[in-house]
2 protein chains.
Amino acid sequence: MILRQATALVLRDFRLEAGLSQEQLARQSGIDRTYISGVERGVRNITLDSLETIVLALGVSQSEFVETLHNHLKMVKAVD
Amino acid sequence: MILRQATALVLRDFRLEAGLSQEQLARQSGIDRTYISGVERGVRNITLDSLETIVLALGVSQSEFVETLHNHLKMVKAVD
DNA sequence: GTGTGACTTAAAGTCCGTC
DNA sequence: AGACGGACTTTAAGTCACA
């Protein structure tokens, strides 16, 4: 599932860019650290609402997040 | 949940553009018609995997879908 | 500071139908 | 053709101990 994998990568990138640990993001989002870990590794099939919660906790606008996701998906497309 | 609502609108737009009924899309995607109905109305909190399945069944690339989603989210942002 | 397996309980997703 | 409901099955949400 490429959408899931792309989302995982983008979420991790934004988190690191924000200088946050999974633990800090967990506190700010109210979502368990181990769940965030699973999402970033692409092993959890997250819902849109949970995704939105995490994105907002990262201090990123939904628009910005989706734009970055789009850039990643374009690259994947260019590879195959 | 704005991500959910934006997704709902974009999905419906793409389906109508493709000239498909919810029932036809349900058959092509293997996802229940009542569920697709709920997603398009924004009352269902879909997972990324299911979303990907529906998008692909619409004959739309993930990249294109996410790009359109981004455009909708930008507009929402401009309004508030 | 993160990955992972195992677990419970909420909710995703299906299938039947009616309006 | 699509909204909506009820009962059902499967899986995501959410948490823990431990590596």
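Numbers restart at 1 for each chain; the letters A, B, ... are given by sequence-line order, proteins then strands.
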* Would Q28(A) and L20(A) count as a side chain to side chain contact (heavy atoms under 4.5 Å, CB included) if you check the C-alpha gap in whole Å, the side-chain angles of each, and the deciding distance to 0.1 Å? -> CA-CA 10 Å; Q28(A) 290 186 21; L20(A) 295 172; 3.9 Å; yes
* **From L25(A) atom CG to R12(A) atom CZ, the distance as rounded to the nearest 0.5 Å** => 11.0 Å
* May I ask you to test the L11(A)-I36(A) pair for a side-chain heavy-atom distance under 4.5 Å? => no
Check nucleotides 16-19 of chain D for protein N or O atoms closer than 3.5 Å to its own N or O atoms and list the pairs.
{"from": "dC16(D)", "atom 1": "N4", "to": "T34(A)", "atom 2": "OG1", "distance (Å)": "3.0"}

* Just how far, in rounded Å, is P of dA1(D) from CD of Q24(B)? -> 7 Å
* Does dA12(C) have OP1 or OP2 sitting under 4.0 Å from an N or O in the side chain of R4(B)? -> no
* Structure fact -> Separation between CG (L48(A)) and CD (Q62(A)), nearest 0.5 Å, reads 9.5 Å
* **Whole-Å distance separating the CZ atom of R41(B) from the P atom of dA1(D)** => 17 Å
* Asked: Would one find a side-chain N or O of S37(B) under 4.0 angstrom from OP1 or OP2 of dG2(D)?
  -> no
* To do: Measure across A26(B) and D32(B) and return the closest heavy-atom pair with its distance rounded to 0.1 Å.
  => CB-C, 4.1 Å
* Asked: Of all of residues 42-55 of chain B, which get a heavy atom below 4.0 angstrom from DNA chain D, listed by number?
  -> T47(B)
* Send over the distance from M1(A) CE to dA12(D) C1', rounded to a whole Å. => 14 Å
* Asked: Between T53(B) and M1(A), is a side chain to side chain contact (heavy atoms under 4.5 Å, CB included) present by the stated rule, with each step listed?
  -> CA-CA 9 Å; T53(B) 300; M1(A) 290 306 195; 4.0 Å; yes
* Output the distance between atom NE2 (H70(A)) and atom OG1 (T68(B)), rounded to the nearest 0.5 Å. => 8.0 Å
* E40(B) and R15(B) ion-paired at < 4.0 Å -> yes
* Asked: Rounded to the nearest Å, what distance is computed from the CD1 atom of residue I36(B) to the P atom of nucleotide dA3(D)?
  -> 11 Å
* Is it the case that one hydrophobic cluster holds both L69(A) and I2(B), taking links as side-chain heavy atoms less than 4.5 Å apart, direct or via other members? -> yes
* Which whole-number value in Å describes the distance from R12(B) CZ to dG2(D) P? -> 7 Å
* **Residue Q22(A), side-chain heavy atoms: nucleotide from dG2(D), dG3(C), dG1(C) that is nearest** => dG3(C)
* For L11(B) and dG2(D), give me the distance from atom CG to atom C1', rounded to whole Å. => 16 Å
* Asked: Between atom CD in E23(B) and atom P in dT14(C), what is the gap in whole Å?
  -> 15 Å
